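The block underneath contains the structure these notes are about, expressed in structure tokens.
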Amino acid sequence: MDLEQALTAYSQSDAYPFHMPGHKRTTKLGMQPYQIDITEIEGFDNLHHATGILNKLQQDWAAQYGCQRAYILVNGTTCGNEALIFAATKPGDEVIVARGSHRSIYHAMAMRGLQPHYLMPQISDEGWMEPPTPEEIEAAVIAHPTASTVIITSPTYEGLCADIRAIADLVHAAGMSLIVDAAHGAHFGMHPAFPQNPIHQGADGVVVSLHKTLPTFTQTACLLWQTASRIDPKRIQKYLGYFESSSPSYVLMASTAIALRYLQGQGREQMERYVARLEEFRAHMETLEHLTVACPPGESDPSKILIRGKSEAYSGEAIMEALRQEDHLELEMASLHYALGMTSLMDEEEGFWRLEKALRRLDLEISGMDKAIDIREVEAFYQTKREVVLPLAEAAEAETSMCKLSAAAGGVAGGYLNLYPPGVPIYAPGERLSQAGIDAMEKARAAGYQVEGITEEDTIEIITEA
């Protein structure tokens, strides 16, 4: 069976997607991709110099988000993050960056030769990473007054939101720019039930992944800009030309046009039904005895379904696997302490009903499931600063060799070592490996986490001469 056959078979099964993309494999919106897959022929504009039909599409998305400019992206939030960082900085700049950032942020810093000052993450008792607070930002801008830019993620994967307005005020008072990776917040601002989009809270540049929570195809995103921004839009356009494909897919761009038309038409009523169904679902789940559909404190995204134990920590992987095998429900991801389902306005009533039924069944059987292993020592190490031996940009280009993990203490990381989930580096290139860090990675693996960067032979990449 090849890929196309496997995908077709899966689409014809009864598996229900509580994961991205946000279109949820609907056939309601209609599209024949082969018939509309073209290049930049007469009458169809050029994304990198948009003056016609694509320019109008971008203006319409800007109006949807209530900002001055929206740049359609077909290389995902990745290329938007990279273009924004290059537009906001100069080679060698110092930047303040949340350690829990997406890998595209790290790649942009390495390519630009930036000097990062990390905001180390705080991890809640429930096991999810919290966004930086205004107090943490204030301390960072005082400690690093020559930084040019602050880069954070809000919302997080789990839907937790930073106080962007307060952070923006602090950052701007220090003469810096604020970039927000809002990949998971494409639907923000489209209904009062959801938080505001960061572009309305003072951020200088925001990138949203349309495909995560709206009915567009995978890889579609938007870079949002407002007139008070400290980032020059000409520089944004320039660097989008560097990082985005010179042959942007008209199929992907057309999916954003179809989604926008839907949102501005029948999608408005559908959004109301969706929000009401989310509220009903959460109310129904309050009667569970052993499980809870968690709602993080503070401002957060109610579209994210966080399933965890009430009094005992059950393995998120065990929860996810049980829903997959017994109920044919596919969630987005599992962490050690919880499983995460993603919803969107395209979710069907059947999906919510099946999830309710499945969680009630699981609630009765939960006592026989795997418990989550206590890894507080690992989480504590995650929050400690690392010794930087080589700048990130220099380390990314250094000669490396492979070394057994057990013998790597004292060496310098030559690649990223990410605890997944959530995919945040335990070590970034150029940082000194300690025995405590190696022990933490071993404990995390024993608990069921993946550590990306460790091979099947238990080797890691280290810098040969550092």
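As the structure is a prediction and not an experimental result, all values here were calculated from the model. Along the sequence shown, residues carry numbers from 1.
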Value for CG (Leu291) from CG (Asp363), rounded to nearest 0.5 Å, stands at 5.0 Å
The test is side-chain hydrogen bond (donor to acceptor under 3.5 Å, both in side chains); show your working for Thr384 and Arg386 and say whether it passes. CA-CA 7 Å; Thr384 61; Arg386 312 292 187 263; 3.2 Å; yes
For residues Met20 and His211, determine if any side-chain heavy atom of one lies less than 4.5 Å from a side-chain heavy atom of the other. yes
Is there a donor-acceptor pair under 3.5 Å between the side chain of Arg324 and the backbone N or O of Ala15? no
Apply the test side-chain hydrogen bond (donor to acceptor under 3.5 Å, both in side chains) to residues Glu94 and His117: give CA-CA distance (whole Å), side-chain angles for both, the deciding distance (0.1 Å), then the verdict. CA-CA 7 Å; Glu94 296 176 62; His117 301 294; 2.7 Å; yes
Under a 3.5 Å distance rule, please check whether Ser229 uses its side chain to pair with a backbone N or O of Asp204 as donor and acceptor. yes
Step by step, would you call Leu178 with Ile152 a side-chain contact (heavy atoms from CB on, under 4.5 Å)? CA-CA 8 Å; Leu178 176 63; Ile152 65 172; 4.3 Å; yes
Are Leu390 and Glu431 packed together at the side-chain level, in the sense that at least one heavy-atom pair is separated by less than 4.5 angstrom? no
Determine whether more than 12 heavy atoms belonging to other residues, nucleotides or ligands lie under 6.0 Å from atom CZ of Arg103. no
Distance, nearest 0.5 Å, that separates NE2 of His19 from CG of Leu329: 10.0 Å
Hey, mind stepping through Gln450 and Arg445 against side-chain hydrogen bond (donor to acceptor under 3.5 Å, both in side chains) and telling me if it holds? CA-CA 6 Å; Gln450 297 177 37; Arg445 289 204 296 169; over 6 Å; no
Backbone N/O of Ser303 and side chain of Thr343: donor-acceptor pair under 3.5 Å: yes
I'd like to know if the side chain of Arg308 and the backbone of Tyr338 have a donor-acceptor N/O pair within less than 3.5 Å. no
Closest heavy-atom contact between Leu223 and Gly80? CD1-O, 3.8 Å
May I have the step-by-step check of side-chain contact (heavy atoms from CB on, under 4.5 Å) for His184 and Thr213, ending in yes or no? CA-CA 7 Å; His184 282 266; Thr213 56; 5.6 Å; no
Any chance the side chains of Asn81 and His107 put a donor and an acceptor closer than 3.5 Å? no
Measuring from Thr153:OG1 to Ile105:CD1, what's the distance to the nearest 0.5 Å? 6.0 Å
Decide whether Ser434 and Tyr427 meet the rule of one side-chain donor and one side-chain acceptor closer than 3.5 Å. yes
May I ask you to test the Phe217-His23 pair for a side-chain heavy-atom distance under 4.5 Å? yes
Under 30°, 30 to 60°, or over 60°: which ring-plane class applies to Phe352 and Phe18, parallel, tilted or perpendicular? perpendicular
For the backbone of Leu288 and the side chain of Arg360, can you confirm whether one donor and one acceptor N or O come within less than 3.5 Å of each other? no
Quick one: closest heavy-atom pair of Ser148 and Thr89, and the distance? OG-CG2, 3.9 Å
Can you measure from CG (Leu210) to CG (Leu73) and round to the nearest 0.5 angstrom? 8.0 Å
The complete set of ring pair (Phe, Tyr, Trp, His ring centres under 6.0 Å) pairs with one or both residues in residues 85-104, sequence neighbours excluded, reads Phe86-Tyr239, Phe86-Phe243
Treating Trp225 as the side-chain partner and Ile199 as the backbone partner, does any N or O pair qualify as donor plus acceptor under 3.5 Å? no
Set out, in order, the CA-CA distance, both residues' side-chain angles and the distance that settles side-chain contact (heavy atoms from CB on, under 4.5 Å) for Tyr16 and Asp347, then state yes or no. CA-CA 9 Å; Tyr16 189 89; Asp347 273 299; 2.7 Å; yes
Is it the case that the side chain of Tyr106 and the backbone of Arg99 share a donor-acceptor pair, with hydrogens and angles ignored and the cut-off at 3.5 Å? yes
Can Glu126 and His337 be counted as having a side-chain donor-acceptor contact under 3.5 angstrom? no
Looking at every non-hydrogen atom in both residues, tell me the closest pair between Ser104 and Glu82 and how far apart they are. O-CG, 3.8 Å
salt_bridge(Lys304, Glu158) N-O dist < 4.0 Å: no
If I compare all heavy atoms of Met1 with all of Gln5, which pair ends up nearest, and what's the gap? CA-OE1, 3.3 Å
Side-chain heavy-atom pair Ile179, Val95 within 4.5 angstrom cut-off: no
Is the shortest side-chain N to carboxylate O distance from Arg282 to Glu286 below 4.0 Å? no
Is Glu330 salt-bridged to Lys24, going by a charged N under 4.0 Å from an acidic O? no
Take atom NZ in Lys310; do more than 12 heavy atoms of anything else shown fall under 6.0 Å from it? yes
Let me have the donor-acceptor pairs involving side chains of residues 392-408, under 3.5 Å, with sequence neighbours excluded, atom names and distances please.
from, atom 1, to, atom 2, distance (Å)
Thr400, OG1, Glu461, OE2, 2.7
Lys404, NZ, Glu457, O, 2.7

Between Met129 and Thr156, is a side-chain contact (heavy atoms from CB on, under 4.5 Å) present by the stated rule, with each step listed? CA-CA 8 Å; Met129 197 167 290; Thr156 65; 5.9 Å; no
With side chains defined as the heavy atoms from C-beta onward, is the minimum distance between Asp163 and Thr133 less than 4.5 Å? no
Judged by atom type as modelled, is there a donor-acceptor pair below 3.5 Å linking the side chain of Gln383 to the main-chain atoms of Met120? no
Measure the spacing between CG of Leu362 and CD1 of Ile307 and express it to the nearest 0.5 Å. 8.0 Å
Heavy-atom closest pair, residues Arg230 and Ser177: CB-OG, 3.4 Å
Heavy atoms only: give me the nearest Ala294-Trp128 pair and the separation to one decimal. CB-CH2, 3.8 Å
Spatial distance of atom CG (Asp181) from atom OG (Ser209) [nearest 0.5 Å]: 7.0 Å
Main-chain N/O of Val412 paired with Arg432 side-chain donor or acceptor, under 3.5 Å: no
For the residue pair Glu4 / Thr8, report whether a side-chain donor-acceptor contact shorter than 3.5 Å exists. yes
Using a 4.5 Å cut-off on heavy atoms from C-beta on, say whether the side chain of Leu119 contacts that of Ile137. yes
Exercise: do Glu332 and Tyr157 side chains pair donor with acceptor under 3.5 Å: yes
Would you mind reporting whether Ser255 and Met31 have side-chain heavy atoms less than 4.5 Å apart? yes
Return yes if some donor-acceptor pair links the side-chain N/O of His290 with the main-chain N/O of Glu365 below 3.5 Å, else return no. no
Determine whether the side chains of Tyr274 and Ser344 contain a donor N or O and an acceptor N or O closer than 3.5 Å. no
Side-chain contact test, heavy atoms from C-beta onward, threshold under 4.5 Å: evaluate it for Leu359 versus Phe281 and give yes or no. yes
